[in-house]
Amino acid sequence: MDATKMAAVGLSASYGRGPAITDINLEFGPNSATAIIGPSGCGKSTFIRCLNRMHETAPRATVTGKVFLDGEDIYEQDPTAVRRRIGMVFQRPNPFATMTIFDNVAAALRFNGRHSREETDKIVYESLQAAALWEEVKDHLFAGATSLSGGQQQRLCIARALAAQPEVLLMDEPCSALDPISTAKVEDLIFTLKRTYTVIIVTHNMQQAARVADRTAFFYLGKLIEVNDTKEIFERPKEKLTEGYVSGRFG
Amino acid sequence: MPIVAERKAFSAGLDELNENMATLAELAKLSIRKAVATLETRPEAIASDGRDVFALDQEIYALKQQVVKGCVDLIALHAPVAKDLRLITTSLEISTDLDRIGRYSRDIVEISNLLGEEARSPTAANVDLVRLGNLAIDIVDRALTAFAARDAEAVADIVRRDDPIDDLHDKVFREIIERMTDHSISPRAGAEFVLINRYFERLADHAVNIGLHVTYMVTGVRPRVKAEGAKGPFGDPS
Ligand SMILES: Nc1ncnc2c1ncn2[C@@H]1O[C@H](COP(=O)(O)OP(=O)(O)O)[C@@H](O)[C@H]1O
Ligand SMILES: [Mg+2]
């Protein structure tokens, strides 16, 4: 990896009791996708929620260590400003149910200062284009968001995240509630997005990690066991634990 | 402790692959032995050994097809990774080497059959072909032992043993030309000897290939033994 866009340094977190993740050191390059894999409960979600300061909103949550974005520790910055630069897409599509498709995307702009009507139209259009949803919704932008299929709703959530013009996109199992065709569309989208953004994707689907990620990090029991180019992780993992997990022998 | 998954269907598929590969290796070893024997004990033994080699070649081909199908099924159904994936891709490659070994053995027997009409065996004609054949048997045996034992280190020794084989091949080639020139063998016999000579050298190249595949299978790293463009294992023996 040549340059670093984001880096976790000595990052640990808990929900008040024992640690959920311990001493994670992990770097993310610009214009690349990194997959976080590992069995349920190993701390994948906790880890990426620390990367945009979401974790600390949970009751009794603690975080220690540093997270650098462009060389500056996000834990010394305003959390709202941090979350604007680091967008997040969740496992279940969570569009605002009472809003139209258009307003779901435009909603992201309200947190981003004032925009003229033309600017808003332009950003909504560009975000829906970038999320590969524009062609499917351009004729009913003012229909309710819940009229969309699950896969379309997830792309709508991606469009909403992109409208805030983030630099980093965190995705927590973004395809686990989607059918194979929708999954393929979202994966294609990730493939395109990583040219522009730093993408960090949690997935329990090994093949998905293999398909979309340049680098893959394997977590186990709250620790980072191994990180490497995705091809290395799947062809010749160094650690026995990684080998066992990626070959489906435990997890 | 990790929660262990059994993956019974996958394990059964890998077991079957390993058994088929072991059988394929035994058949290939046998066919090259019998092929070399037809050069020594002519013409009486040629008939029976020769028939065996033809049958072995067919068996090897059929089993190789089965291995290929089994590997494709494993890849399609189980999306293997890491050392499972390396075992499967390596088995595919080695099965091709073994198929070629069976095929060369058959080619050698075909020539022995033709030479049955000639008065002189290569040994009688003072051509060192049988020694080369025995070296080929030896290097193939070593490669297949390395495969069975998953021995990543054996490749260095196998590659080292390929050099004297190349040298002997060149020496035998000169001998054949000499015998043809002084008319102690017919041009026809000489031409057939040249082919067998080349087949033995190629058999040894397949043994080197197998050794290299084994190293990759075990370590995940493809060894680089000879420089690019050099004659030998990195060529495309066929
Ligand atoms: N809100 C929570 N409160 C308490 N413990 C939690 C909470 N969320 C997760 N945990 C615990 O933290 C650990 C890591 O969980 P998580 O980060 O969700 O794992 P993953 O995303 O890899 O499945 C687990 O032991 C889990 O039980
Ligand atoms: Mg999770």
Side-chain angles (χ1 to χ4, degrees), chain A residues 18 21-22 34-44 175-176 180 183-184 187 201 203-251, chain B residues 1-18 21 70-94 146-147 149-155 209-225:
Chain A
I21 55 168
T22 312
T34 303
I36 313 281
I37 61 169
S40 298
C42 71
K44 305 180 294 294
C175 300
S176 61
T183 297
E187 285 181 4
I201 175 175
T203 177
H204 59 226
N205 179 335
M206 226 74 69
Q207 292 306 309
Q208 179 164 76
R211 285 190 294 263
V212 304
D214 307 292
R215 292 178 59 85
T216 295
F218 171 59
F219 278 50
Y220 188 67
L221 296 179
K223 295 201 171 75
L224 172 63
I225 304 297
E226 183 169 356
V227 58
N228 210 333
D229 289 350
T230 298
K231 277 187 225 137
E232 295 290 317
I233 294 286
F234 287 95
E235 197 176 335
R236 47 186 155 248
K238 294 196 172 66
E239 302 294 331
K240 278 279 160 242
L241 276 172
T242 316
E243 170 104 40
Y245 183 71
V246 298
S247 60
R249 294 214 164 72
F250 78 82
Chain B
M1 274 312 287
I3 300 156
V4 175
E6 291 200 50
R7 302 197 70 182
K8 279 189 180 144
F10 185 47
S11 300
L14 291 180
D15 288 348
E16 187 186 324
L17 173 60
N18 282 327
M21 287 303 292
C71 289
V72 170
D73 288 349
L74 285 171
I75 292 168
L77 299 178
H78 300 284
V81 299
K83 74 173 190 304
D84 299 329
L85 180 62
R86 301 200 305 266
L87 169 69
I88 291 167
T89 57
T90 302
S91 295
L92 280 171
E93 294 190 283
I94 293 182
F147 175 58
R150 310 299 196 233
D151 180 355
E153 307 298 318
V155 68
N209 280 349
I210 291 170
L212 294 169
H213 294 321
V214 170
T215 302
Y216 170 71
M217 175 173 79
V218 176
T219 65
V221 179
R222 293 193 185 277
R224 301 197 55 85
V225 183

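This structure is a prediction, so every number in the text was calculated from the model and none was measured. Here is how names work: the chains are called A, B, and so on, in the same order as the sequence lines, proteins then strands, and each is numbered from 1.
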K.L.:
Answer yes or no: is there a donor N or O on one side and an acceptor on the other, between the side chain of A:Glu243 and the main chain of B:Ala82, under 3.5 Å?
P.N.:
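No, A:Glu243 side chain to B:Ala82 backbone: no donor-acceptor pair under 3.5 Å.
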K.L.:
Is the backbone of A:Glu235 close enough, under 3.5 Å, to the side chain of B:Arg86 for a donor and an acceptor to pair up by distance?
P.N.:
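Flag set: sc B:Arg86 to bb A:Glu235 pair under 3.5 Å.
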K.L.:
Under a 4.5 Å cut-off applied to non-hydrogen side-chain atoms, are A:Gln207 and B:Val81 in contact?
P.N.:
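SC-SC contact between A:Gln207 and B:Val81 confirmed.
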K.L.:
Name the option with the most non-hydrogen atom pairs under 4.5 Å to chain B; the candidates are A:Ala210, A:Pro237, A:Gly248.
P.N.:
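Sorted descending by pairs with chain B, the first entry is A:Gly248.
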K.L.:
Give a yes or no on whether the backbone of B:Arg7 and the side-chain of A:Arg249 come within a donor-acceptor separation of less than 3.5 Å.
P.N.:
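Checked: no pair found.
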